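First comes the structure, then the notes that go with it.
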Amino acid sequence: MNKTVLLDVKDHIGYITINRPEALNALSSQVLKDLNDVLETVEQSDAIRVVILTGAGEKSFVAGADIKEMDTMTPTEAFEYMTYANDTFSRLEHLRQPTIAAINGYALGGGMELALSTDIRLGHEKILLGFPEVTLGIIPGFAGTQRMSRLIGVSKAKELIFTARNIKGAEALELGIINRLVEAENLLEEAENLAKAIMKNAPLAVEKAKHVISVGVELPLQNAIRLETEAEALLFSTEDKVEGMRAFVEKRKAVFTRK
Ligand code: DAK
């Protein structure tokens, strides 16, 4: 059987592709399991500095949780499926490497929620995003109610979830769901350019910035500021901090080593 999630590594970019184009990359339990395995590999890889996540084929990023599989689930199975998926999405969210979703088509329900678990999202005009769950008699079950509310605000998230309205790229940009709207044919290249811009910088500093932002937004402000202060102090012990500042003084380009 073909792998439902692919990992390719090139020039320090880890490309994760959800690979079930015949089902528009719907998230079956096999996909979630394969994604979990891939994330474990990424976590342990020194070669991967940035992750780009996309969907196989021309039409779809991910068209949601697998409805055919959910159809026969008991409440207990649904609970287990959802818990496993949420653990997997949290694992993605908290990868030490920055993550970019290259949204290449439908990002519906669980697909939208998967994209929300990345750091930065790019899309094109024709992508279609939305939460169809209430049309199926359920609610977003992979933390969409929570991550979307935190990203765009409670009221706008409620409107999207209550109406199940699909939105295209321009509106997704306006709402702040995607960071940038790019030409469809340039989507991957733009994601790579973004990855390269990130990779020019000190890796440990970028990783710490990600951690402090992701964890800090959940904390009371004073605790979050303290987290930032401690992370900053720790970075003062790195070789890359010495190199970065020395390179500035010596008017040359810094060469970082993630040490
Ligand atoms: N699940 C399973 N198969 C799917 C699928 C999905 N989400 N989306 C598409 N497919 C399959 C289609 O069934 C079709 O398969 P065959 O009939 O060829 O075997 C194939 O992909 C191509 O789809 P279409 O023929 O429908 O393609 P179109 O271009 O005409 O339409 C579409 C594209 C995206 C508009 C349409 O496929 C569609 O509406 N798909 C469903 C979108 C959707 O409602 N997604 C689910 C969102 S709900 C929970 C945890 C999480 C969640 C819920 C509960 N707990 C554990 C309780 C999250 C739920 C969701 O994500």
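Computed from a predicted structure; not experimentally measured. In this chain, numbering begins with 1 at the start of the sequence shown.
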Do you know which two heavy atoms are closest between [X] and [Y], and how far apart they sit?
X	Y	answer
Asp66	Arg20	OD2-NH1, 2.8 Å
Ala247	Lys253	CB-C, 4.1 Å
Asn86	Gly141	ND2-O, 3.4 Å
Leu227	Gly216	CD2-N, 4.0 Å
Val42	Ile16	CG2-CD1, 4.2 Å
Gly111	Phe61	O-CE2, 3.5 Å

Is it true that [X] and [Y] have a side-chain N and a carboxylate O under 4.0 angstrom from each other?
X	Y	result
Lys196	Asp11	no
Glu232	Lys208	no
Glu239	Arg258	no
Arg49	Glu207	no
Arg91	Asp87	no
Asp240	Lys259	no

[atom1]/[X]: more than 12 non-hydrogen atoms of other groups inside 6.0 Å:
X	atom1	result
His94	NE2	yes
Arg96	CZ	yes
Glu58	CD	no
Glu183	CD	no
Lys241	NZ	yes

Please step through side-chain hydrogen bond (donor to acceptor under 3.5 Å, both in side chains) for the pair Thr4 and Asn19, ending with a clear verdict.
CA-CA 5 Å; Thr4 65; Asn19 185 38; over 6 Å; no
Determine whether the aromatic ring centres of residues Phe142 and Tyr84 are separated by less than 6.0 angstrom.
no
Mind checking side-chain hydrogen bond (donor to acceptor under 3.5 Å, both in side chains) for Ser45 and listing every partner two or more places apart, or none if nothing turns up?
none
Arg165: side-chain hydrogen bond (donor to acceptor under 3.5 Å, both in side chains) partners, not counting sequence neighbours:
Glu159, Glu171
Using only atom types and a distance under 3.5 Å, with no angle test, would you say the side chain of [X] pairs donor to acceptor with the backbone of [Y]?
X	Y	value
Arg121	Ile100	no
Ser237	Ala233	no
Thr118	Leu114	no
Ser214	His211	no
Gln97	Glu43	no
Thr54	Ala102	yes
Asn104	Gly57	yes
Asn25	Ser60	yes
Lys156	Leu151	no
Glu113	Gly144	yes

Passes side-chain hydrogen bond (donor to acceptor under 3.5 Å, both in side chains), Gln146 versus Arg150? Steps please.
CA-CA 6 Å; Gln146 303 310 308; Arg150 282 162 171 75; 3.1 Å; yes
Hydrophobic cluster identity match, [X] and [Y], side-chain contacts under 4.5 Å:
X	Y	answer
Leu122	Leu116	no
Leu24	Val31	no
Val182	Ile103	no

Taking the side chain as every heavy atom from C-beta outward, state whether [X] and [Y] have any atom pair closer than 4.5 Å.
X	Y	answer
Met112	Tyr106	no
Val62	Leu108	no
Val206	Lys210	no

Separation between OG1 of Thr83 and CD of Glu80, rounded to the nearest 0.5 Å
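Here the rounded value is 7.5 Å.
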Would you compute the distance between atom OG of Ser28 and atom CD1 of Ile67 and round it to the nearest 0.5 angstrom?
13.0 Å
Under the side-chain hydrogen bond (donor to acceptor under 3.5 Å, both in side chains) rule, what do Glu40 and Asn36 come out as? Steps first, then yes or no, please.
CA-CA 6 Å; Glu40 189 171 345; Asn36 217 357; over 6 Å; no
